[in-house]
Amino acid sequence: MIRIIKNSKCPKILTTKGADQTKKDCDDYDAKRKLSKSKRSIYASTAVKQTLVRAHYSKCCYCEQKFTASRDLAVEHFRPKSGVKQTRGQKEMKPGYYWLAYDWNNLLLSCDECNSTYKDTLFPVATKYRARSHHGNINRERPLFVHPVLQDPRDHIRFHDDEPFHITEIGRVTIEEIGLRRSGLREAKLKLIKRLRFYCKVIIEAEKHPRSRRLQRLATGAKEFLREATLPDAEFSSMAQDLLSGWSI
Ligand SMILES: [Zn+2]
C-alpha cells in the first residue's frame, strides 16, 4: 500500500446529487423508513471514478495491482455503506455507514478481489464504540484498517521480499483481512522481483567492467527500470522500495 493524495477537488456530483441522497437517506432512517439501496450512478459515476483513478495512480489502494482491461476497478467504501461486520464470522449488522455512501473522504479505489472477496462489509474497530447512524461520531472509532489517504501505509506495512509484514496492529489486520499475502498476488510480485534482481546484477557487472560500453549502456537502462519501479505509479512500488533499499546498486 502507498499513500494516496487526493489533490483534486471533490467531484461535483457528490456535493449535489450525493448530498441530496444522503439527506433523504438520513430522513428515511429517522422516520424509520426502509433505506434505499445506495446509488452507484452517483458514487461510481464516471467523474468520481476518473478522479479516483488519477489519485490512485490506476492502482488498487490495497494490493497495488494496476487496473487493466481484464481487472476491473471498483469504487471502495472505506466504511461499508450497506452493512458492517466486526469479524468475518459475525452476522452482518444493518444498516452500514449509509450516511457516508457519497462522502468523498470515504471513497477509495480497489480491485474487485480486495473489495468484494476480502474486505466486503468487514470493518473492524479497536474501540467498543461504533457509530451506528448519522447521529453517531466516526471520530470516536479507531478503525483497524489502514486508510491510505489519512495515514501513510508505509508506517504500518513493509516488505521482506514479496512478503508484507506489519509494523502496527492495524497493519497486521489489514494484511490478514484484505488478503495481502494471497497466492495470486505472490506470483505477480515474484515475477517483478526476478526482474529487479536481474537488473541489479547487470548494474553490478557494469561496475566490475567499467570499460565495457555494452554493459554501461545496459546498466543505464537497468538503473532507469529500478528507479521507475519505486515510483508511486508502478505496480507494487512499496515492495520495490523496500527491496531496493536493502540492495547496493
Ligand atoms: Zn486489490
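For ligands, and for the atoms within them, numbers begin at 1 and follow the listed sequence. In this text, all values refer to a predicted model and were calculated from it rather than measured experimentally.
Listed by chain and number, the protein atoms of type N/O/S under 2.8 Å from the Zn ion (ligand 1) are C60 SG, C63 SG, C111 SG, C114 SG; waters are omitted.
In summary, K24 and D28 engage in a salt bridge, as defined by a charged side-chain N under 4.0 Å from a carboxylate O. Salt-bridge formation is detected for the pair R172/E176: a Lys NZ or Arg NE/NH1/NH2 atom is positioned less than 4.0 Å from an Asp or Glu carboxylate oxygen.
Donor-acceptor pairing under 3.5 Å is recorded for the side chains of Y97 and R130. Using modelled atom types, one finds no donor on one side chain facing an acceptor on the other under 3.5 Å when comparing Q151 with D155. For H77 and N115, the side-chain atoms include no donor-acceptor pair closer than 3.5 Å. Using modelled atom types, one finds no donor on one side chain facing an acceptor on the other under 3.5 Å when comparing H135 with Y29.
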